[in-house]
Amino acid sequence: MTTELTRLSSMVPALRSGVLRVDKPAGLTSHDVVAAARAALGTRRIGHTGTLDPFATGLLLLCLGRGTRLAEYLLDLPKTYVARARLGVSTDTDDVTGEVVSTSEQWRDYSAATVAAAFRAQLGERLQVPPAYSAKKVGGERLYRRARRGEPVTAPPVAVRIYRIEALAFDLPEVEFEVECSSGTYVRAIARDVGAELGCGAHLIRLRRTRIGPHTVGQAVTLEGLRDPAALEAAWVSPLAALAHLPLVRVEGEAAERLGHGATVRAPAGAPAAGLVAVASGAELLAVAEAADGTLRPRKVLAGE
């Protein structure tokens, strides 16, 4: 094992720092995927940027080495899913892993057009009630812990945004759909709410995350590929590329050196007047900084790590 890890590290040294796109299989938690990556790559310094439920599959972004310090800037990227809902059956978890709480044959009265309209009604900004069995914290405790104890769970609604939603295929009572949404949106809650809109109930039976910001699951490595240097390299993203959604500011010379030591520097011509920026020198990410008043104030320095 040690020999294999040494071989991987020497062939793909960049994997020690950056972001790795991984395709999570069904049946594992996101933490299981992190554990598998730690074992395969021989490093403990790995974290993820948002979980997937165990029954779900698809894209996870794992942060490696100094890339773990970038996680907070990746959490809010929009996410895209392809999912399948089953009308006429509601469960206590709003997905296929839960216990059935109600059934209805009312879905038989609906046309595909009626069902598609119920999905489109989810579009835009809305207040969404998180599922009772979710990791959302209320009063400092995860909701699922209270639900498992049999306690009544009433989660306060959370503001989410659904940028795009489309019913792709109908095999009623099942419907396949695609949704692009803000971070923090529960796709199983979308299925639940569509069922409520139709009056027949519904739950999610399949979920696959296909995109996080600019990153796609087609660029990801499988767990089996974690020991394949070529597959790892193809799925790896440099710290600078990982922040491509932030405005880029380049500095050189004395300004780069000072900023690399945590000092505020004068912003170069053309830099944004305000907001977070990624600051680079050459191909290296030096820092994430706040542009304000003609200066760059480091929020997180990565140079030299």
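If you're wondering where the values come from, they're calculated on a predicted model, not measured in any experiment.
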* CG-CD distance between Asp109 and Gln106, expressed to the nearest 0.5 angstrom -> 6.0 Å
* **Set of ring pair (Phe, Tyr, Trp, His ring centres under 6.0 Å) partners for Phe177, sequence neighbours left out** => Phe119
* To do: Count the heavy atoms belonging to other residues, nucleotides or ligands that lie under 6.0 Å from CZ of Arg266, then report whether that count exceeds 12.
  => no
* Co-membership, hydrophobic cluster, residues Leu285 and Val277, 4.5 Å side-chain -> no
* In sequence, state the C-alpha distance, the side-chain angles, and the governing distance for Leu204 and Phe55, and then conclude on side chain to side chain contact (heavy atoms under 4.5 Å, CB included). => CA-CA 10 Å; Leu204 205 66; Phe55 86 99; 4.1 Å; yes
* N/O donor-acceptor pair under 3.5 Å between Arg38 side chain and Ile46 backbone -> yes
* Asked: Quick one: does Gln128's side chain have a donor or acceptor within less than 3.5 Å of a partner on Tyr186's backbone?
  -> yes
* Residues Glu290 and Arg299 bridged, charged N to O under 4.0 Å -> yes
* Could you grab the distance from atom CG of Leu207 to atom OG1 of Thr57, nearest 0.5 Å is fine? => 7.0 Å
* Taking all atoms of both residues into account, what is the closest heavy-atom pair of Tyr163 and Cys181, and its distance? -> CE1-C, 3.6 Å
* **Passing option when Arg188 is tested against Asp193, Asp53, Thr91, Thr97 for side-chain hydrogen bond (donor to acceptor under 3.5 Å, both in side chains)** => Asp53
* More than 12 non-hydrogen atoms from neighbouring residues, nucleotides or ligands closer than 6.0 Å to CD on Glu257, yes or no? -> no
* Asked: Do Val187 and Val160 share a hydrophobic cluster, counting only Ile, Leu, Val, Met, Phe, Trp and Tyr and linking them when any side-chain heavy atoms are less than 4.5 Å apart?
  -> no
* **Non-hydrogen side-chain atoms of Arg21 and Leu61 separated by less than 4.5 Å** => yes
* To do: For Glu197 and Ala118, work out which heavy atoms get closest and say how close.
  => CG-CB, 4.0 Å
* Stepwise side chain to side chain contact (heavy atoms under 4.5 Å, CB included) test for Thr49 and Cys63 -> CA-CA 7 Å; Thr49 63; Cys63 296; 3.5 Å; yes
* Taking Tyr81 as the fixed residue, which of Ile190, Leu59, Val179, Thr185 is the one that meets the side-chain contact (heavy atoms from CB on, under 4.5 Å) rule? -> Val179
* Where do Ala231 and Gly225 come nearest, in terms of heavy atoms and distance? -> CB-O, 3.9 Å
* Asked: Would a distance-only check, ignoring hydrogens and angles, find a side-chain to backbone donor-acceptor pair under 3.5 Å from Lys24 to Pro54?
  -> yes
* Asked: Is any side-chain heavy atom of Leu127 closer than 4.5 Å to a side-chain heavy atom of Pro156?
  -> no
* How long is the span from the CZ atom in Arg86 to the CD1 atom in Ile205, to the nearest 0.5 Å? -> 8.0 Å
* Structure fact -> Nearest heavy-atom contact between Pro214 and Leu77 is CD-CD1, 4.5 Å
* Asked: Side chains of Asp95 and Thr93: donor-acceptor distance under 3.5 Å anywhere?
  -> yes
* Would you check if Leu302 and Leu70 make a side-chain contact, meaning some heavy-atom pair closer than 4.5 Å? => yes
* **Spatial distance of atom CG (Leu259) from atom OG1 (Thr264) [nearest 0.5 Å]** => 8.0 Å
* To do: Answer with yes or no whether the hydrophobic clustering places Val89 together with Tyr110; edges join I, L, V, M, F, W, Y residues whose side-chain heavy atoms lie under 4.5 Å apart.
  => no
* Is Ile212 close to Leu74 at the side-chain level, that is, under 4.5 Å between some pair of heavy atoms? -> no
* Between Asp92 (side chain) and Glu99 (backbone), is there a donor-acceptor pair under 3.5 Å? -> yes
Taking distance alone, no hydrogens or angles, what donor-acceptor pairs closer than 3.5 Å link side-chain atoms of residues 238-253 to residues at least two apart or in another chain?
{"from": "Ser238", "atom 1": "OG", "to": "Ala241", "atom 2": "N", "distance (Å)": "3.0"}
{"from": "His245", "atom 1": "NE2", "to": "Tyr73", "atom 2": "O", "distance (Å)": "2.9"}
{"from": "Arg250", "atom 1": "NH1", "to": "Gly282", "atom 2": "O", "distance (Å)": "2.5"}
{"from": "Glu252", "atom 1": "OE1", "to": "Ser281", "atom 2": "OG", "distance (Å)": "2.8"}
{"from": "Glu252", "atom 1": "OE2", "to": "Gly282", "atom 2": "N", "distance (Å)": "3.4"}

* Asked: CG of Leu52 to CG of Leu60: how many Å apart, nearest 0.5 Å?
  -> 5.0 Å
* Could you walk me through whether Thr29 and Thr51 pass the side chain to side chain contact (heavy atoms under 4.5 Å, CB included) test, one step at a time? => CA-CA 8 Å; Thr29 67; Thr51 61; over 6 Å; no
* Structure fact -> salt bridge (charged side-chain N to carboxylate O under 4.0 Å, His left out) with Glu178: of Lys79, Arg208, Arg164, Arg84, only one passes, and it is Arg164
* Can you find a pair of side-chain heavy atoms, one from His215 and one from Val19, that are under 4.5 Å apart? -> no
* Structure fact -> Correct closest heavy-atom pair for His48 and Gly50 would be ND1-N, 3.3 Å
* Can you tell me if Trp236 uses its side chain to pair, donor with acceptor, with the backbone of Ser17 under 3.5 Å? -> yes
* Write down the atom of Ala256, the atom of Leu286, and the distance for their closest heavy-atom approach. => CB-CD1, 3.7 Å
* Quick one: does Ser182's side chain have a donor or acceptor within less than 3.5 Å of a partner on Arg161's backbone? -> yes
* Checking Arg209 side chain against Ala56 main chain: does a donor-acceptor pair fall under 3.5 Å? -> no
* To do: Look at the side chain of Arg258 and the backbone N and O of Ala263, then say whether any donor-acceptor pair between them is shorter than 3.5 Å.
  => no
* **Co-membership, hydrophobic cluster, residues Trp107 and Val96, 4.5 Å side-chain** => yes
* **Arg45 (side chain) donor-acceptor with Gly65 (main chain) under 3.5 angstrom** => yes
* Asked: When rounded to the nearest 0.5 angstrom, what distance separates CD in Glu180 from CZ in Arg211?
  -> 8.0 Å
* Polar side-chain atom of Arg69 near backbone of Val301 as donor-acceptor pair, under 3.5 Å -> yes
* Asked: Is there a chain of hydrophobic side chains (I, L, V, M, F, W, Y, each step under 4.5 Å between heavy atoms) that links Leu276 to Val265?
  -> no
* Step-by-step side chain to side chain contact (heavy atoms under 4.5 Å, CB included) determination, Leu41 to Leu232 -> CA-CA 10 Å; Leu41 302 179; Leu232 286 170; 3.8 Å; yes
